[in-house]
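One structure is given below, encoded as structure tokens.
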Amino acid sequence: MYTLKKEERLCNKKLIDKLFHNGSSFLCYPFKASWMFADAAQPFPVQVLFSVSKKRFKRAVDRNRIKRISREAYRLNKQACLYDRLNSAEKKITISIAYIGKELPEYQFSEKKMVKLLKQLCAEAAV
RNA sequence: UAUGCAGAACGUUCUAUCGCUGUCCACCAAUAUGGUGGGCGGAGGAAAGUCCGGGCAACACAGAGCAUCCUGCUUCCUAACGGGAAGGCGCCGGCAGCCGGCGACAGCAAGUGCCACAGAAAAUAAACCGUCCGGCAGUAAUGACGGAUAAGGGUGAAAACGUGAGGUAAGAGCUCACGGCUUUUCCGGGCGACCGGGAUUGCGGUAAACCUCAGGAGUUGAAAAACCAAAUAGGUCCCGGAAGUGAGGCUGCUCGUUUCCGUAUUGUCCGUCACCGUGCGGAUGGUCGCCGGGAUGGGUAGGUUGCUUGAACCUGUUGGCAACAACAGGGCCAGAUCAAUGAUAGAAGCCGCCCGCCUUCCGGCGGACGGUACAAAACCCGGCUUACAGGUUUGCAGCUGCA
């Protein structure tokens, strides 16, 4: 399934604070992922958050563009790379994906790196 | 025609696949509500900067003064404005008129301060060169000394109003004529800024220097504000149990009572300070303390409202030089909240450049390559400012007279 509804996005302020304080993180240039295991209460196996720093990209147009490209790359690949393996392991996680590159990305490049990141995440979570 | 400057309106479109968000409808399960399918809507001229002005909301608020900040030609428009329109004045386009552009454009004749460098001197005037007079020295040229002088020289952004004449030893608004600005005042025109004329007073600049005058300003800002409200902890109230002791009773159990302690709480009485008591000290009585359950109000996460029907927009008529106003008709056009309005692929349009063909030229057709900007709503309006690929369009870069 290629959906990305509100229940699949990370919207809770407390969870976000908790994630950045307690979560473990790794780098997969140009992305940086922070993740942790979540409660069983959430309806989807993953809650995700995309961020772009205002310091690197001053214009809102650029930040929106990067977030949209990252989101599309995640949306189209999450089922194959992440959901199936998490469901079979019966684990649930929250994750934030930050863009730390310095230039506007191309879609194909982002998709390639996103797949790599999701696979690395599975390995980290030891699924 | 091209180029530049200023203004106005515009500022990409279509298809496929996969999504996001709001809303409506149908069906399914149904307590809330959830699921599936379909229809319709979904960024801008600046949404930006957050520089002004309002609406709205909460809090504050007797009146006056001072301080601080803002504004500063006039009249009008407007909900309001530091915005706009029409005018006045000054400067610029050699000069005058038209025309166009620019102007924080109240007051330096209320007071105080400042005026770099250069220059003798930058504001109670002043004597560097020069000019003139006097006596002295010298044959003379001239020299030093004492005095008069702001006309000339040179310096500067600016040199004590400009030009001419009189006047004088030489000079000086010292006097006069004409002219410029200015004070007070009169006459005429204009709603007014101001303009024209007469009399009168004077003559460095600077207020984006302090300041003076006039007018204005309560603070905060949708993370405002109102409402609903899970879990956990704690507050209050109610109920039950537990601890010690005594009596009845074989025990369970039932009934009565409460030693000591306390930064706890409350009542009454007494004392104390000059008085008062809600202060302080003492005496005495009641309640509470540990555990469980229930109720309740405050309130957090979260949610709803605020939240998009509006000083709005479009079309037309009328009034007005215009800004704008009035009236009539029309439709409803984003509402997200760690923040949607997209991603990918293809095609078209527009522009530039190159190649080929056609054409007297303007240009037309086909193909390749490149470009397609600036920029993302965050409560809502009115402005201002700044950014901008590309075309469209209006005005100006001037006209007349004099030199």
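Chain letters run A, B, ... following the sequence lines, proteins first and then strands; every chain starts at 1.
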Review point. Taking atom C1' in both G113(B) and U78(B), what distance in whole Å separates the two?
Key: 43 Å
Check your understanding: What does U392(B) pair with, Watson-Crick or G-U, if both distances are under 3.5 Å?
Key -> A8(B)
Exercise for review: For C20(B), give its Watson-Crick or G-U wobble partner with both distances under 3.5 Å, or none.
Suggested key: G42(B)
Review point. OP1 or OP2 of A343(B) less than 4.0 angstrom from a side-chain nitrogen or oxygen of Arg68(A), does that happen here?
Key: no
**Study point:** Position toward the 5' end of RNA chain B (nearest nucleotide), Ile69(A) or Phe50(A)
**Key:** Phe50(A)
**Study point:** pair Ile69(A)-Leu104(A): side-chain heavy atoms closer than 4.5 Å
**Key:** no
Check your understanding: Given A343(B), is OP1 or OP2 found less than 4.0 Å from the side-chain N or O atoms of Arg65(A)?
Key -> yes
Review point. In the structure shown, which nucleotide is the Watson-Crick or G-U wobble counterpart of G215(B), with both distances under 3.5 Å?
Key: C70(B)
Practice item. Find which nucleotide of RNA chain B each of Leu76(A) and Val61(A) is nearest to by heavy atoms, and output the residue with the more 5' nucleotide. Key: Leu76(A)
Practice item. Identify the nucleotide, in any strand shown, that forms a Watson-Crick or G-U wobble pair with G83(B), with both distances under 3.5 Å; if there is none, say none. Key: C77(B)
Point to revise | Base-pairing mate for A157(B) - Watson-Crick or G-U, with both contacts under 3.5 Å | key: none
Check your understanding: Quantified in whole Å, what is the C1' atom distance between nucleotide C307(B) and nucleotide A377(B)?
Key -> 13 Å
Point to revise | Asn64(A) side-chain proximity, nearest of A376(B), C18(B), A340(B) | key: A376(B)
Review point. Can you tell me how far P in U1(B) sits from the matching atom in G363(B), rounded to whole Å?
Key: 13 Å
Review point. Between C115(B) and A122(B), how far is it from one C1' atom to the other, in whole Å?
Key: 7 Å
**Study point:** Side-chain N or O of Gln47(A) closer than 4.0 Å to phosphate OP1/OP2 of C338(B)
**Key:** no
Check your understanding: What distance, rounded to whole Å, do you find between the two P atoms, one in G204(B) and one in A199(B)?
Key -> 24 Å
Point to revise | Residues which pass side-chain contact (heavy atoms from CB on, under 4.5 Å) with Ser24(A), listed by chain and number, not counting sequence neighbours | key: Trp35(A)
**Study point:** Basic-acidic side-chain contact under 4.0 Å: Asp62(A), Arg59(A)
**Key:** yes
Point to revise | Conformer about C1'-N of A43(B) - syn within 90° of 0, anti elsewhere | key: syn
Review point. Base, sugar-phosphate, or nothing: which does Arg71(A) touch, judged by heavy atoms less than 4.0 Å apart?
Key: sugar-phosphate
Revision key, fill the gap. Taking C338(B), A345(B), C18(B) as options, the one with an atom nearest any side-chain atom of Gln108(A) is A345(B)
Point to revise | P spacing across the pair G179(B) / U200(B), given as an integer number of angstrom | key: 14 Å
Point to revise | Syn or anti conformation of U308(B), syn meaning chi within 90° of 0 | key: syn
Practice item. State the syn/anti category of G173(B) according to its glycosidic angle, syn meaning within 90° of 0. Key: syn
Review point. Is any side-chain heavy atom of Ile97(A) closer than 4.5 Å to a side-chain heavy atom of Leu117(A)?
Key: yes
Check your understanding: With sequence neighbours left out, which residue pairs that include part of residues 88-108 of chain A fulfil the ring pair (Phe, Tyr, Trp, His ring centres under 6.0 Å) condition?
Key -> Phe31(A)-Tyr99(A)
Practice item. Using the C1' atom on both, measure C324(B) against C76(B) and round to a whole Å. Key: 10 Å
Review point. Can you tell me the Watson-Crick or wobble partner of G234(B), both distances under 3.5 angstrom?
Key: none
Check your understanding: So which nucleotide does G346(B) pair with, by the Watson-Crick or G-U wobble rule with both distances under 3.5 Å?
Key -> C14(B)
Dump every N/O contact between nucleotides 334-337 of chain B and the protein below 3.5 Å, one line per pair.
unit_1  : atom_1 : unit_2  : atom_2 : d
U337(B) : OP1    : Lys6(A) : NZ     : 3.2

Review point. Using atom C1' of each nucleotide, how far apart are A339(B) and A6(B) to the nearest Å?
Key: 41 Å
